[in-house]
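Below is one structure; the comments refer to it alone.
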Amino acid sequence: MPASSAALRLPQSLLVLGGTSEIALATARRLIARGARTVWLAGRPSPALDQAAEQLRTLGADTRTVAFDALDPESHESVLGKVFAEGDIDLVLLAFGILGDQAHDERDPVRAVRVAQTNYTGAVSAGLVAARALQTQGHGSLVVLSSVAGERARRADFIYGSSKAGLDAFAQGLGDALHGTGVHVMVVRPGHVRTTGMAGRDRIPLATTPEAVATAIELGLRRRCEAVWVPGALRVVMSALRHIPRALFRRLPL
């Protein structure tokens with residue numbers, strides 16, 4: 001499909017890796033409203049996954065669930081292969097990940113490794129399998145949910161941030177590798193996202209919402225963007241923070 005045509009056509013079918021993610025579900029709802037008709041929600045079997053699928057069905061989408069575990073990379077090729085065997089997928093949204101608990105994870109390397117394995121190792125495996133499937137069918141987009149936390153490690157969340165830094169670099173490289181194949185890779189870098197799990201926390205500057213991220217994803221798909229910041233002002237803010245001397249950066253209330 002020519003890039004000009006692909007840029008104008010929003011996905012009719014999507015596979016969500018991380019099927020209970022609030023950002024992913026907000027994106028699915030938005031794309032269903034724009035004409036998407038087939039949705040696969042991949043995640044660990046749970047009442048929450050089933051409930052998410054049922055909610056999307058009420059919006060008119062043929063929604064199915066598939067058991068997927070980011071920490072079981074040996075199963076990824078089989079699990080995702082079954083989804084692609086059912087028909088072409090226009091969009092794969094890689095949306096799984098865990099924040100961890102920095103204070104506890106620093107004292108428990110096993111917990112820290114679980115954050116890294118989920119956010120980075122699992123994403124590398126699933127991303128490569130999805131990319132190969134998209135390339136085989138000759139079209140499609142892979143949208144990877146990164147984070148501004150990966151732009152520069154902060155004392156407050158460097159374990160999570162380092163995992164997102166690795167994911168971001170991987171997704172950029174994968175996009176370069178797939179350039180010219182008909183497969184589009186887009187990295188999405190939200191700031192702090194006010195999800196249900198974050199309710200009650202202090203207000204954070206330049207925070208965003210799942211719905212705002214979904215809106216940015218739609219616009220990015222229309223424009224065939226390679227990277228999207230949410231909110232857009234974070235691009236400038238993080239550009240400045242990347243160049244602050246380390247001694248000064250340590251003293252900032254971040």
Side-chain angles (χ1 to χ4, degrees), residues 16-24 42-46 48-49 67-80 92-131 142-174 185 187-202 204 207-208 210 213 234 238 241-242 244-254:
V16 177
L17 303 178
T20 57
S21 158
E22 291 187 42
I23 293 175
R44 291 179 176 173
S46 68
L49 185 66
F68 170 82
D69 186 348
L71 294 176
D72 184 16
E74 293 184 358
S75 70
H76 292 175
E77 192 156 5
S78 172
V79 170
L80 301 189
V92 177
L93 178 55
L94 200 160
F96 60 81
I98 56 175
L99 285 170
D101 184 322
Q102 179 74 31
H104 287 87
D105 296 348
E106 285 183 38
R107 299 192 297 271
D108 187 343
V110 173
R111 287 176 48 138
V113 167
R114 184 178 179 84
V115 173
Q117 289 178 329
T118 302
N119 296 352
Y120 179 69
T121 308
V124 167
S125 171
L128 289 173
V129 172
L142 173 62
V143 173
V144 178
L145 288 185
S146 180
S147 169
V148 296
E151 285 293 293
R152 186 166 184 178
R154 302 184 308 156
R155 173 65 185 90
D157 64 356
F158 66 81
I159 295 174
Y160 170 77
S162 66
S163 70
K164 286 296 187 178
L167 172 63
D168 201 294
F170 165 76
Q172 291 181 65
L174 182 59
V185 178
V187 180
V188 181
R189 301 181 184 122
H192 174 81
V193 182
R194 294 190 294 267
T195 61
T196 301
M198 299 295 179
R201 294 197 178 188
D202 294 338
I204 296 176
T208 187
V213 179
L234 279 173
M238 295 309 301
L241 286 177
R242 279 198 302 270
I244 291 177
R246 194 170 179 184
L248 177 58
F249 185 78
R250 289 192 184 110
R251 298 166 61 184
L252 295 177
L254 298 174

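Treat the numbers as computed from the prediction; the structure is a model and nothing was measured. One-based numbering along the sequence shown.
- Here the CG atom belonging to Asp101 is positioned 5.5 Å from the CZ atom belonging to Arg111, to the nearest 0.5 angstrom.
- Under the 3.5 Å distance criterion, the side-chain polar atoms of Ser78 are left unmatched by any main-chain donor or acceptor of Ser75.
- For the pair Asp157 and Leu99, the minimum side-chain heavy-atom distance is 4.5 Å or more.
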Stepwise side chain to side chain contact (heavy atoms under 4.5 Å, CB included) check, Leu80 with Leu17
CA-CA 10 Å; Leu80 301 189; Leu17 303 178; 3.6 Å; yes
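- Side-chain contact between Thr118 and Arg114: present, with at least one pair of heavy atoms (C-beta onward) separated by less than 4.5 Å.
- Heavy-atom minimum distance, Leu94 versus Ala123: CD1-O, 3.7 Å.
- Pairs engaging residues 93-114 under the ring-ring contact (aromatic ring centres under 6.0 Å, His included) rule: Phe68-Phe96 [sequence neighbours left out].
- Between Pro190 and Val213, the shortest heavy-atom contact is CB-CG2, 4.1 Å.
- Between the CG atom in Asn119 and the CD1 atom in Ile98 there is a gap of 5.5 Å [rounded to 0.5 Å].
- Taking CD1 of Ile244 as the reference point, atom CZ of Arg152 lies at 7.0 Å (rounded to 0.5 Å).
- For the pair Asp168 and Ser146, the tightest heavy-atom approach, listed with the atom from each and the gap, is OD2-OG, 2.8 Å.
- In summary, of the residues considered (Glu77, His76, Glu74), a side chain to side chain donor-acceptor pair (under 3.5 Å) with Ser125 occurs for His76 alone.
- Nearest heavy-atom pair, Gln102 versus Phe158, reported as atom, atom and distance to 0.1 Å: NE2-CE2, 3.0 Å.
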Please walk me through it: do Arg44 and Leu49 pass side chain to side chain contact (heavy atoms under 4.5 Å, CB included)?
CA-CA 8 Å; Arg44 291 179 176 173; Leu49 185 66; over 6 Å; no
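- Arg251 CZ: 12 or fewer foreign heavy atoms inside a 6.0 Å radius.
- With hydrogens and angles ignored, the 3.5 Å screen pairs a side-chain donor or acceptor of Lys164 with a backbone N or O of Leu145.
- Between Arg194 and Pro210, the shortest heavy-atom distance links the atoms O-CD, 3.6 Å.
- Nearest heavy-atom pair across Gly100 and Asp105 is CA-OD2, 3.5 Å.
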